[in-house]
Peer 1: 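This is the structure I want to talk about, given as structure tokens.
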Amino acid sequence: DLKGATSVDINVDINPATSTTTMTVSPTTVAVGGTVSLEAVVSASGGFTPSGGSVQFKSRKASESASSAANLGPLVPLALDSGTWKAAIPSLSTGADGDAIHEAANYVITAEFQGTSQVGISASGDTPLTVTKAAPALTVTLPGSGTVTVGDTGNIRAVVSGSPSNRLDDSPARLKFFDGANELASLTVSNLGSGVLGADFSVSSLNAGAYSITVEYVANAYFTGTTSSAQTLTVNKYSPSITVNTITAVQVGNDLTISS
């Protein structure tokens, strides 16, 4: 006779399919204020697909540990493109307020696939990104087309421009005015009106003579330093004028009074 039997529970662990994540950064060198394109490609083993999954892009400075990496925006869903599962940030900005990549430095970019119920998580290798300082444009304008008179109230105006413009006045950026090797003034970069950034140096204190004027923009974490070409400023002596208002008639031998 057959007796009844009870089955034994058997726990079976089913591991998710493995995944592989690769990524590209283009370009790999960009000046502050420029944009870069990030793309991740995810594949899965065993005939599975990463459909429904998403990717988190991250960045950190190359000198920092992986734990310090910051998210580059929200998760990016994977999409099927010509048979390949991809996630992308087509235009990642740099240098603006709130940007994770905000100053010149060497960075590392990674992509992390978050996994699905069938496919396991994976991360790309480190991809380097070099962010260089931007080169500003510096324009210097002399008063009176380069010729003034002692005591005139005109200004030597230096205007600096570049992108991202909100970083042009970040410390220690300054505008230094020179006569040859002699520093005339060191002024902060400020708003001169209508969004124009720069500084004005008054010529009212200059003595008569010829001056070789240059202006230096002092570099900060976002912009390289630059110096303008020399321009000659001529300060002429003041020429007083004398006008005779009245001459009083007198007889020969008497004093003559002249009023001016």
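Only heavy atoms go into these numbers, but all of them, side chains included; no hydrogens, no water, no symmetry mates. Throughout, residue positions are numbered sequentially from 1 according to the sequence presented.
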Peer 1: Could you check whether any side-chain heavy atom of Val215 comes within less than 4.5 Å of a side-chain heavy atom of Phe201, counting everything from C-beta outward?
Peer 2: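 No; the side chains remain at least 4.5 Å from each other.
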Peer 1: When rounded to the nearest 0.5 angstrom, what distance separates CG in Asp200 from OG in Ser190?
Peer 2: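 With rounding to 0.5 Å, CG (Asp200) is 7.5 Å from OG (Ser190).
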Peer 1: Can you name the nearest heavy-atom pair linking Lys86 to Asp81, along with the distance?
Peer 2: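 Between these two residues, the closest heavy atoms are NZ-OD2, 3.5 Å.
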Peer 1: Check whether any side-chain N or O of Tyr217 sits under 3.5 Å from a backbone N or O of Ala158 as a donor-acceptor pair, and report yes or no.
Peer 2: no
Peer 1: Could you check whether any side-chain heavy atom of Asp152 comes within less than 4.5 Å of a side-chain heavy atom of Pro143, counting everything from C-beta outward?
Peer 2: no
Peer 1: If you define the side chain from C-beta out and look only at heavy atoms, does anything of Asn191 sit under 4.5 Å from Asp169?
Peer 2: no
Peer 1: Let me confirm one number: the OG-CG distance from Ser51 to Leu80, rounded to the nearest 0.5 Å.
Peer 2: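 Output value for this atom pair is 8.0 Å.
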Peer 1: Is the shortest side-chain heavy-atom distance between Val55 and Leu78 below 4.5 Å?
Peer 2: yes
Peer 1: Heavy atoms, side chains only, cut-off 4.5 Å: are Lys61 and Tyr107 in contact?
Peer 2: yes
Peer 1: Restricting to pairs with a member in residues 131-151, which pass ring pair (Phe, Tyr, Trp, His ring centres under 6.0 Å), not counting sequence neighbours?
Peer 2: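 Sorted pair list comes back empty.
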Peer 1: Any side-chain heavy-atom pair from Asp126 and Thr110 closer than 4.5 angstrom?
Peer 2: yes
Peer 1: Rounded to the nearest 0.5 Å, what separation is found between the NZ atom of Lys176 and the CG atom of Leu187?
Peer 2: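 Going from NZ on Lys176 over to CG on Leu187, the span is 11.0 Å.
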Peer 1: So Ser171 and Asn220, do their side chains get closer than 4.5 Å, heavy atoms only?
Peer 2: no
Peer 1: Starting at CZ of Arg60, measure out to OG of Ser67 and round the result to the nearest 0.5 Å.
Peer 2: 8.5 Å
Peer 1: Might you work through the salt bridge (charged side-chain N to carboxylate O under 4.0 Å, His left out) test for Arg167 and Asp97, ending with a clear yes or no?
Peer 2: CA-CA 9 Å; Arg167 300 296 189 183; Asp97 291 336; 3.2 Å; yes
Peer 1: Between the side chains of Ser186 and Arg174, is a donor N or O closer than 3.5 angstrom to an acceptor N or O?
Peer 2: yes
Peer 1: Please give me the minimum heavy-atom distance between Ile156 and Phe177, naming the atom from each residue.
Peer 2: O-CE2, 3.6 Å
Peer 1: Any heavy-atom pair between the side chains of Leu233 and Leu206 that's under 4.5 Å?
Peer 2: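 Heavy-atom side-chain distance check passes, below 4.5 Å.
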Peer 1: If we ignore angles and hydrogens, is there a donor and acceptor under 3.5 Å between the side chains of Ser204 and Ser202?
Peer 2: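 Their side chains do contain a donor-acceptor pair, which is all the 3.5 Å distance test asks for.
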Peer 1: Check residues 17-38 and write down every donor-acceptor pair under 3.5 Å in which the side-chain atom is one partner and the other belongs to a residue at least two apart or another chain.
Peer 2:
{"residue": "Thr18", "atom": "OG1", "partner": "Ser45", "partner atom": "OG", "Å": "3.0"}
{"residue": "Ser19", "atom": "OG", "partner": "Gly120", "partner atom": "O", "Å": "2.7"}
{"residue": "Ser19", "atom": "OG", "partner": "Ser122", "partner atom": "OG", "Å": "2.7"}
{"residue": "Thr21", "atom": "OG1", "partner": "Ser122", "partner atom": "OG", "Å": "2.7"}

Peer 1: Describe, in one word, how the ring planes of Tyr222 and His102 are oriented to each other, choosing from parallel (under 30°), tilted (30 to 60°) and perpendicular (over 60°).
Peer 2: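 The rings of Tyr222 and His102 sit tilted, inter-plane angle from 30° to 60°.
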Peer 1: Counting only heavy atoms not in Ile121 (residues, nucleotides, ligands), do more than 12 fall under 6.0 Å from its CD1?
Peer 2: no
